[in-house]
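Presented below is the structure to which this report refers.
In this chain, numbering begins with 1 at the start of the sequence shown.
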Amino acid sequence: YEQRVLGAYATGAYEVAKWGIKAGMRVENTILNTFLVNTRESNRLNFTNLFPSFHSSYKFSETFSVQAGYSRRIRRPRLWDLNPFFNIRNNFSIRTGNPDLLPEFTDSYEINSIFAIKKGSFNLGLYHRYTTDVIERVTTFEDDVAFTQPRNIGTNKTYGIEVNGKYRLTEWFSVRGDANFLFFYREGSLDAQSFDFEGDQWTARMTTKFKLPASIDFELTGNYESAYRTVQGEVAQVPFLDLGLRKKILKGKLVTSFSIRDVFASRIQETEAFQPNFYFFNRRFRGRFITLGVSYGFGKGEAMEYSGRRR
């Protein structure tokens with residue numbers, strides 16, 4: 001697997017007291033080569049794309065401003081999305097990549113309002129995204145065996161609203177949260193089967209932070225992801241809770257941290273596929289994950305705040 005991306009970009013900005021704009025253009029050439037040794041199968045993709053962007057802002061007062069923007073984005077297939085090697089979970093479920101998979105391209109439009117107060121801030125945003133060559137995992141059956149493979153299926157139009165904010169109630173207690181609600185409309189077909197449908201999805205997160213004695217920080221983060229439709233079925237809702245402790249020592253030179261991700265082992269992903277000739281159910285989870293981190297800074301600044309996200 002070899003991926004080479006050559007890019008060049010330019011940006012320009014203009015700003016006065018209350019108003020400002022920023023525009024840019026990026027051009028990228030991507031060369032992607034894959035080679036499966038045991039079958040001598042090779043595949044090569046070479047494509048060049050332009051990615052314009054434009055953003056503007058206006059400051060009505062010291063506490064209220066508005067931003068608007070447009071950008072074009074790319075999501076390239078991952079290594080395991082392209083690898084045609086079979087991943088056999090069991091005798092009846094086989095997962096494989098697709099070396100002919102194309103990248104997704106998204107045109108994103110958004111407008112945001114920002115409210116800033118002494119002890120916090122609040123943001124409200126509206127957005128629209130139009131995505132082509134949407135990558136979706138598709139399951140087919142052959143001789144009672146399920147084959148799952150990523151495919152490019154049509155387009156996706158998304159309209160959404162997003163809110164987020166943070167507020168410091170006291171010197172030792174603060175809270176921040178965000179919520180996102182979106183409505184989407186899918187259009188596409190595969191093997192003469194239409195996959196046109198519509199649906200909605202929402203997510204929410206809230207983090208509370210406590211400053212405890214002895215320079216200890218304690219965080220609780222609750223997450224929720226609603227159920228949503230896919231081209232073949234539905235993905236179930238997922239609620240989960242994380243917590244973490246962090247202590248700075250030697251004036252921030254040494255940082256120790258302890259975290260538990262998915263405290264109640266509730267981050268379970270359940271996927272169902274409803275088709276005229278088969279029903280497919282998949283359930284998977286990682287379980288509770290505990291990390292302990294220690295970092296020490298040798299320079300003038302503080303040590304890094306180890307999060308334990310890398311596994």
Side-chain angles (χ1 to χ4, degrees), residues 1-8 26-52 71-108 129-158 184-199 228-235 269 271-280 282 284:
Y1 168 81
E2 180 189 63
Q3 177 177 276
R4 288 180 288 169
V5 180
L6 175 65
R26 187 173 85 254
V27 57
E28 288 186 353
N29 174 249
T30 303
I31 299 176
L32 181 61
N33 296 308
T34 59
F35 180 68
L36 191 60
V37 177
N38 58 341
T39 63
R40 313 297 295 178
E41 178 185 353
S42 62
N43 194 68
R44 177 182 174 88
L45 293 175
N46 187 337
F47 48 89
T48 301
N49 304 103
L50 294 175
F51 299 95
S71 62
R72 182 167 172 81
R73 309 170 186 177
I74 182 173
R75 179 198 169 198
R76 296 179 179 85
R78 300 174 301 168
L79 168 62
W80 291 108
D81 288 332
L82 298 169
N83 190 353
F85 186 79
F86 279 15
N87 176 358
I88 302 177
R89 297 179 177 180
N90 54 62
N91 291 337
F92 303 99
S93 181
I94 297 177
R95 182 175 176 176
T96 179
N98 178 6
D100 297 319
L101 207 60
L102 299 174
E104 293 182 353
F105 292 95
T106 299
D107 292 291
S108 178
R129 295 170 187 154
Y130 178 71
T131 303
T132 58
D133 292 322
V134 179
I135 298 175
E136 189 86 46
R137 294 198 175 276
V138 176
T139 300
T140 57
F141 264 78
E142 184 178 334
D143 298 327
D144 293 329
V145 178
F147 292 87
T148 302
Q149 183 185 51
R151 305 285 290 270
N152 292 110
I153 303 180
T155 61
N156 185 28
K157 297 177 183 177
T158 301
F184 61 87
Y185 181 70
R186 292 289 301 272
E187 291 181 309
S189 61
L190 181 67
D191 300 331
Q193 181 181 358
S194 174
F195 284 114
D196 294 355
F197 69 98
E198 61 186 36
Y228 63 92
R229 286 190 61 185
T230 65
V231 293
Q232 289 188 307
E234 184 175 273
V235 176
Q269 294 180 319
T271 304
E272 294 179 283
F274 311 97
Q275 293 299 297
N277 58 339
F278 71 86
Y279 169 79
F280 182 75
N282 181 51
R284 67 183 214 171

After noting the C-alpha distance and the side-chain angles of E2 and N33, does the key distance pass the side chain to side chain donor-acceptor pair (under 3.5 Å) rule? CA-CA 5 Å; E2 180 189 63; N33 296 308; 3.2 Å; yes

Does CG in N46 sit with more than 12 non-hydrogen atoms of other residues, nucleotides or ligands closer than 6.0 Å? yes

Value rounded to 0.5 Å, distance of CZ in R284 from CD in Q269: 5.0 Å

Has the side chain of T271 got a donor or acceptor atom that lies under 3.5 Å from a matching backbone atom of V235? no

Shortest non-hydrogen contact between V134 and T131, atoms and distance: CG2-O, 3.8 Å

Drop me the distance from E136's CD to T230's OG1, to the nearest 0.5 angstrom. 5.5 Å

Would you say the side-chain atoms of E142 pair up with the backbone N or O of F147, donor to acceptor, closer than 3.5 Å? no

Quick check: does any side chain N or O of D133 sit under 3.5 Å from a backbone N or O of L102, one acting as donor and the other as acceptor? no

Count the heavy atoms belonging to other residues, nucleotides or ligands that lie under 6.0 Å from CG of D143, then report whether that count exceeds 12. no

One should read off an interatomic distance between R26 CZ and R73 CZ, to the nearest 0.5 angstrom, of 10.5 Å

Shortest non-hydrogen pair, I135 vs E104, comes out as N-OE2, 2.6 Å

How about OH on Y228, more than 12 heavy atoms from neighbouring residues, nucleotides or ligands closer than 6.0 Å, or not? no

Is the OH atom of Y1 crowded by more than 12 outside heavy atoms at less than 6.0 Å? yes

Tell me if a side-chain donor or acceptor on D196 pairs with a main-chain N or O of G188 at a distance below 3.5 Å. yes

Minimum heavy-atom separation for F51 and E28, please, with both atom names. CE1-OE1, 3.8 Å

Side chains of L50 and R72: closer than 4.5 Å at any heavy-atom pair? no

Main chain of Q232, side chain of Q275: is a donor-acceptor contact present, judged purely on distance under 3.5 Å? yes

Go through the steps for T139 and T148 under the test side chain to side chain donor-acceptor pair (under 3.5 Å), then give the verdict. CA-CA 4 Å; T139 300; T148 302; 3.0 Å; yes

How long is the straight-line distance from OH of Y185 back to OG1 of T158, given to the nearest 0.5 Å? 13.0 Å

Residues R76 and D81 bridged, charged N to O under 4.0 Å: no

Please work out whether the ring planes of F197 and F184 are parallel, tilted or perpendicular, with thresholds of 30° and 60°. perpendicular

If I compare all heavy atoms of R186 with all of N156, which pair ends up nearest, and what's the gap? CD-OD1, 3.2 Å

Any L101 side-chain heavy atom under 4.5 Å of N152 side chain: yes

Under 3.5 Å donor-acceptor, Q149 side chain and G97 backbone: yes

P99 and N43 have their tightest heavy-atom pair at O-ND2, 2.8 Å

Would you say the side chain of R4 lies within less than 4.5 Å of the side chain of I31, judging by non-hydrogen atoms? yes

Evaluate the ring planes of F280 and F141, with Trp represented by its six-membered ring, and classify them as parallel (under 30°), tilted (30 to 60°) or perpendicular (over 60°). perpendicular

So do the side chains of N83 and T34 get within less than 4.5 Å of each other, counting heavy atoms only? no

Which atoms form the tightest heavy-atom contact between P77 and P103, and what is the distance? CD-CA, 3.8 Å

